[in-house]
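Worksheet for the structure shown next.
We number each residue from 1, following the sequence as shown.
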Amino acid sequence: VQLQASGGGLVQAGGSLRLSCAASGRTFSNIVMGWFRQAQGKEREFVATISWSGGSTYYADSGKGRFTISRDNAKNTGYLQMNSLKPEDTAVYYCAADEYVSTSGVKYRYWGQGTLVTVSS
């Protein structure tokens, strides 16, 4: 599976961004997709994940109520809608994929290249 993340950028605190993750190389509807982020000097952390059907979603506490993960299997694309952004959301965001839902990054074999989100105060 090849993943291409996009949609990052510079936004003011309180603003919104929508990240996209385009997948190729495997039937997208058969894979689980997750989002992770890594801030400078910090370890990578889980953000959200969605089951292959879209029927189950899981979020880190940091994003609950502000972030929404979704997918469009017809377009082979997953999304992360981020609202009410905070400076502490600044990080490189990575999309990842594999067969099973997990909040652990080590469980995902396929990774996109990352897209930088910068939230200014």
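Every side-chain contact (heavy atoms from CB on, under 4.5 Å) that Ser102 has, sequence neighbours left out, goes to Ser104, Lys107, Tyr108. With sequence neighbours excluded, no residue satisfies side-chain contact (heavy atoms from CB on, under 4.5 Å) with Tyr100. Scored by the side-chain contact (heavy atoms from CB on, under 4.5 Å) test, Asn76 finds Phe28 as partners (sequence neighbours excluded). Qualifying side-chain contact (heavy atoms from CB on, under 4.5 Å) partners for Ser53, counting only residues two or more places apart in sequence or in other chains: Ser51.
At distances below 3.5 Å, not a single donor-acceptor pair connects side-chain atoms of Asn73 with backbone N or O atoms of Asn30.
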Show me the side-chain donor-acceptor pairs of residues 85-98 shorter than 3.5 Å, one per line, residues at least two apart or across chains.
unit_1	atom_1	unit_2	atom_2	d
Asp89	OD1	Arg37	NH1	2.9
Asp89	OD1	Arg66	NH2	3.0
Asp89	OD2	Arg66	NH1	2.7
Asp89	OD2	Arg66	NH2	3.4
Asp89	OD2	Lys86	N	2.8
Thr90	OG1	Pro87	O	2.9
Thr90	OG1	Val119	N	2.9
Thr90	OG1	Val119	O	3.4
Tyr93	OH	Arg37	NH1	2.9
Tyr93	OH	Asp89	O	2.6
Asp98	OD1	Arg109	NE	3.3
Asp98	OD1	Arg109	NH2	3.0
Asp98	OD2	Arg109	N	2.8
Asp98	OD2	Arg109	NE	2.9

Listed pairs under 3.5 Å, donor-acceptor, residues 8-24 side chains, sequence neighbours left out:
unit_1	atom_1	unit_2	atom_2	d
Ser16	OG	Asn83	OD1	2.9

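Contact annotation: the side chain of Tyr58 approaches that of Val101 to within less than 4.5 Å [non-hydrogen atoms, C-beta and beyond]. Side-chain contact between Arg71 and Ile31: present, with at least one pair of heavy atoms (C-beta onward) separated by less than 4.5 Å. Glu45 has its side chain out of reach of Gln38: every pair of non-hydrogen atoms, C-beta onward, lies at least 4.5 Å apart. Using a 4.5 Å heavy-atom cutoff, the side chains of Glu99 and Val32 are not in contact. Looking at Val47 and Leu80, their side chains come closer than 4.5 Å, going by heavy atoms from C-beta outward.
Here the shortest heavy-atom pairing between Tyr79 and Asp72 reads CE1-CB, 4.0 Å. In this structure, Ile69 and Tyr59 approach most closely via the heavy-atom pair N-OH, 2.8 Å.
Between Phe36 and Trp111, the ring centre distance stays below 6.0 Å.
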